[in-house]
Amino acid sequence: MLSIHNLVKIYPGPVNALQGVSLNIGEGLFGLLGPNGAGKSTLMNTLAGLLEPTSGSVTLDGADIVKDPRIVRRQLGYLPQDFGFFPDLTGLRMLELMLKLKGVDGPGGRRKIAEALLERVNLSRAAKRKVSGYSGGMRQRLGLAQAIAGNPRLVIVDEPTAGLDPEERHRFYRLLAELAKNRIILLSTHIVEDVATLCPRMGVIQSGRVVADTSPSAARAAIDGHMFEGFIPDDQLDEFARNHMMTSAILSEGSTNRVRVHAPAGTGAPAGFVVSPATLEDAYLVLIRSARATENAAAANAGVAA
Ligand code: ADP
């Protein structure tokens, strides 16, 4: 179990990037969703021991990883957002080098371990090819191979599918799901589909605060029956958006929009709209907008009080 308790990170400025994050994360895939600037990378970097928190604690299976970063080094695999490459090396050489840097070795030597890892991420056939010729998906799988080297208990992957085409993305999904069978995988992303596909548990973070710790099905169930779909002409869309909580508007035939709105209990659906099953994207946007509305109200109150 990874237990994050009241984690705070204040950058110089000051920027309150994490404002008391608490989460308990068990084995399997946990998705951390949040818009840009929410604090996801700050949280990932803190868990990876690359950033010192201002306050708070993090334990992995009971051991304090903030106080003793050596635990993280042994027990953690990390695939950062900008995973560095040495383009002139082959995949195999690159992985051997990463193993050396990580201090991973075994009876058969690093080459044997690197070969087995490449097999695990389905890159054996590209082992002798230069990394510069790898596709985005192959690079991410190589990144994952180094992250799981040494069989860590906790693997952190930060925005892993950005820039991958649909086929590569699904291949990466399958691999992640397989690897999550006996470890904790923390997947940070702003792509809701990643979480809907992969994660039995999820957290939503906004302005450095956890605004939901739930499952995709519970998040959807919370707004089910309150999502409606209908059509709004293009020239009325701005006005409509000011008066409704819209979760999507897709232009249709050039002049009208297929619109989805959330109408909380008691407010009723817009005229001509019909109820529609909630998606995780709807649930996520409703959570983020509600959190923003609460923040704005608190800021306005603070303004009045001052
Ligand atoms: P996310 O990964 O969700 O996009 P980040 O963790 O990168 O969010 O950023 C959270 C907040 O902290 C943002 O307001 C960002 O501008 C700020 N921030 C991130 N890194 C630094 C830094 N080194 N110094 C100052 N502010 C930072």
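All values reported here derive from a predicted model rather than from experimental measurement. Whatever order the structure lists ligands and atoms in, that order sets their numbers, starting from 1.
For a threshold of 3.5 Å applied to N or O pairs, the pair formed by P12 and ligand 1 contains no separation below that value.
Atom 4 (O) of ligand 1 has as its closest protein heavy atom G37 N, 2.7 Å. The single protein non-hydrogen atom nearest to atom 18 (N) of ligand 1 is Y11 CE1, 3.4 Å, given as residue, atom name and distance. The nearest heavy-atom contact from the protein to atom 8 (O) of ligand 1 is G39 N, 3.1 Å. In terms of protein heavy-atom proximity, atom 7 (O) of ligand 1 is nearest to S41 CB, 3.8 Å.
Of the N and O atoms on the side chains of S22 and N6, not one donor lies less than 3.5 Å from an acceptor on the other residue. Between Y11 and T42, the side chains place a donor N or O and an acceptor N or O closer than 3.5 Å (distance only, hydrogens not considered). If you check the side chains of N45 and Y78, you find a donor sitting under 3.5 Å from an acceptor.
Checking atom 1 (P) of ligand 1 against the protein gives a heavy-atom contact under 4.0 Å.
Evaluated by nearest non-hydrogen atom to atom 14 (O) of ligand 1, the leading choice among T189, T42, V15, T46 is V15.
We find that R260 and D282 are joined by a salt bridge, their nearest charged nitrogen and carboxylate oxygen being less than 4.0 Å apart.
In this structure, the side chain of K9 does not engage the main chain of S55 through any donor-acceptor pair within 3.5 Å. Within the 3.5 Å criterion, the main-chain N or O of R258 finds no donor-acceptor partner in the side chain of S252. D213 places no side-chain N or O within 3.5 Å of a backbone atom of G203 that could act as its donor or acceptor partner.
Residue-ligand proximity, N36 to ligand 1, at heavy-atom distances under 4.0 Å covers atoms 4 (O). Within ligand 1, counting atoms from 1 as listed, the ones closer than 4.0 Å to a heavy atom of P35 are 3 (O). Listed by atom number, the atoms of ligand 1 under 4.0 Å from A38 heavy atoms are 1 (P), 3 (O), 8 (O).
Not a single heavy atom of S188 sits under 4.0 Å from any atom of ligand 1.
Classification of the H244-F240 ring pair by plane angle, with boundaries at 30° and 60°, yields parallel.
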